[in-house]
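Shown below is the structure under consideration.
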Amino acid sequence: MAPATSLVAAGARSTTAAGRPGAKGPVLHSRLVAVVTAAGCAAHLWLAAAGRHGVWLSVLMLALAAVCLPCAVHIWRYSRLGALHQVTVAAVAMAALHGFLLLGGGGAGHAHGAQPPSSIAHANGASELLLVIALELVTALLAASLVSRLRRVHA
């Protein structure tokens, strides 16, 4: 039989087993975070493919999706704290960036294409940016609250 200290250390390395059969922990919560993260990745891929933001922003969106997609998989299968922290930080950073775009030029810096807009609200993209910011903050809140729940489960 192993000493008690080695069991504690071994348990400390494994953050959770939420993706494993018979797991104890917030499985539904981790799956929700993974789905929301994967949806964000899909949105970045779609926007990059549409080419509405120019070449360098499309490449940046592809890179963001490439960074976040493995996190979605790790959260779905294992609820790894590192992946949850990365998703939380990325979501808050993206909310701040989109907030800067919204406030920096009244949303005008984020206008799409050379087509004339049908209305003022659509002209500056403010409503779309507000929706994106809300979704990013929800993603960050879900990931951060899962970190908190996992720490309580494994404490």
Side-chain angles (χ1 to χ4, degrees), residues 15-21 23-155:
T15 56
T16 185
R20 297 183 192 136
K24 303 230 190 298
V27 176
L28 182 61
H29 193 162
S30 65
R31 298 287 166 91
L32 179 62
V33 174
V35 167
V36 170
T37 303
C41 293
H44 280 103
L45 291 173
W46 177 75
L47 287 170
R52 294 172 40 179
H53 290 83
V55 175
W56 74 273
L57 280 176
S58 293
V59 170
L60 184 61
M61 285 188 271
L62 288 173
L64 286 169
V67 168
C68 289
L69 195 54
C71 289
V73 172
H74 289 297
I75 293 168
W76 180 274
R77 295 181 71 198
Y78 307 111
S79 295
R80 294 205 173 135
L81 288 177
L84 288 164
H85 286 253
Q86 188 170 347
V87 166
T88 303
V89 168
V92 170
M94 292 306 296
L97 173 69
H98 286 112
F100 176 76
L101 289 173
L102 179 66
L103 297 175
H110 197 78
H112 297 128
Q115 301 170 353
S118 59
S119 69
I120 296 297
H122 184 61
N124 62 14
S127 58
E128 289 89 359
L129 281 174
L130 286 172
L131 178 61
V132 167
I133 291 168
L135 291 172
E136 289 161 343
L137 292 175
V138 166
T139 302
L141 178 66
L142 285 170
S145 63
L146 181 56
V147 168
S148 176
R149 288 183 72 191
L150 291 173
R151 286 188 176 158
R152 277 185 274 143
V153 167
H154 298 287

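Just the heavy atoms: all of them, side chains too, but no hydrogens, waters or symmetry mates, feed the values below.
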Inset, instruction - State, to 0.1 Å, how close Glu136 and Ala91 come at their nearest heavy-atom pair, and which atoms those are. - result: O-CB, 3.4 Å

Inset, instruction - For the residue pair Leu150 and Leu84, establish whether any side-chain heavy-atom pair is separated by less than 4.5 Å. - result: yes

Legend entry - Over all atoms of both residues, closest heavy-atom pair of Leu69 and Cys41: N-SG, 3.4 Å

Legend entry - Smallest separation among heavy atoms of Val87 and Cys71, with atom names: CG2-CB, 3.8 Å

Inset, instruction - Begin with the C-alpha distance, continue with both residues' side-chain angles, and end with the deciding distance and a verdict on side-chain contact (heavy atoms from CB on, under 4.5 Å) for Trp46 and Met61. - result: CA-CA 9 Å; Trp46 177 75; Met61 285 188 271; over 6 Å; no

Legend entry - Gap between atom CG of Leu81 and atom NE2 of His74 - 0.5 Å precision: 13.0 Å

Inset, instruction - Please report the shortest heavy-atom distance between Ala83 and Ile75, naming the atom on each side. - result: CB-CG1, 3.8 Å

Legend entry - side-chain contact (heavy atoms from CB on, under 4.5 Å) between Met94 and Leu64, intermediate numbers included: CA-CA 10 Å; Met94 292 306 296; Leu64 286 169; 4.0 Å; yes

Legend entry - Reported NE2-to-CD distance for the pair His98 and Glu128, which is rounded to 0.5 angstrom: 11.5 Å

Inset, instruction - Please report the C-alpha distance between Tyr78 and Val73 in whole Å, then the side-chain angles of each, then the deciding distance to 0.1 Å, and finally whether the side-chain contact (heavy atoms from CB on, under 4.5 Å) criterion is met. - result: CA-CA 8 Å; Tyr78 307 111; Val73 172; over 6 Å; no

Inset, instruction - First locate atom CD of Gln86, then atom CZ of Arg80, and finally report the distance between them rounded to the nearest 0.5 Å. - result: 12.5 Å

Legend entry - Considering all heavy atoms, the nearest His29-Leu142 contact: NE2-O, 3.0 Å

Legend entry - Nearest heavy-atom neighbours spanning Ser30 and Leu146: CA-CD2, 3.4 Å

Inset, instruction - Hey, could you give me the CG/CG distance between Leu47 and Leu60, rounded to the nearest 0.5 Å? - result: 12.0 Å

Legend entry - Beyond-backbone contact of Leu102 with Ile133, side-chain heavy atoms, under 4.5 angstrom: yes

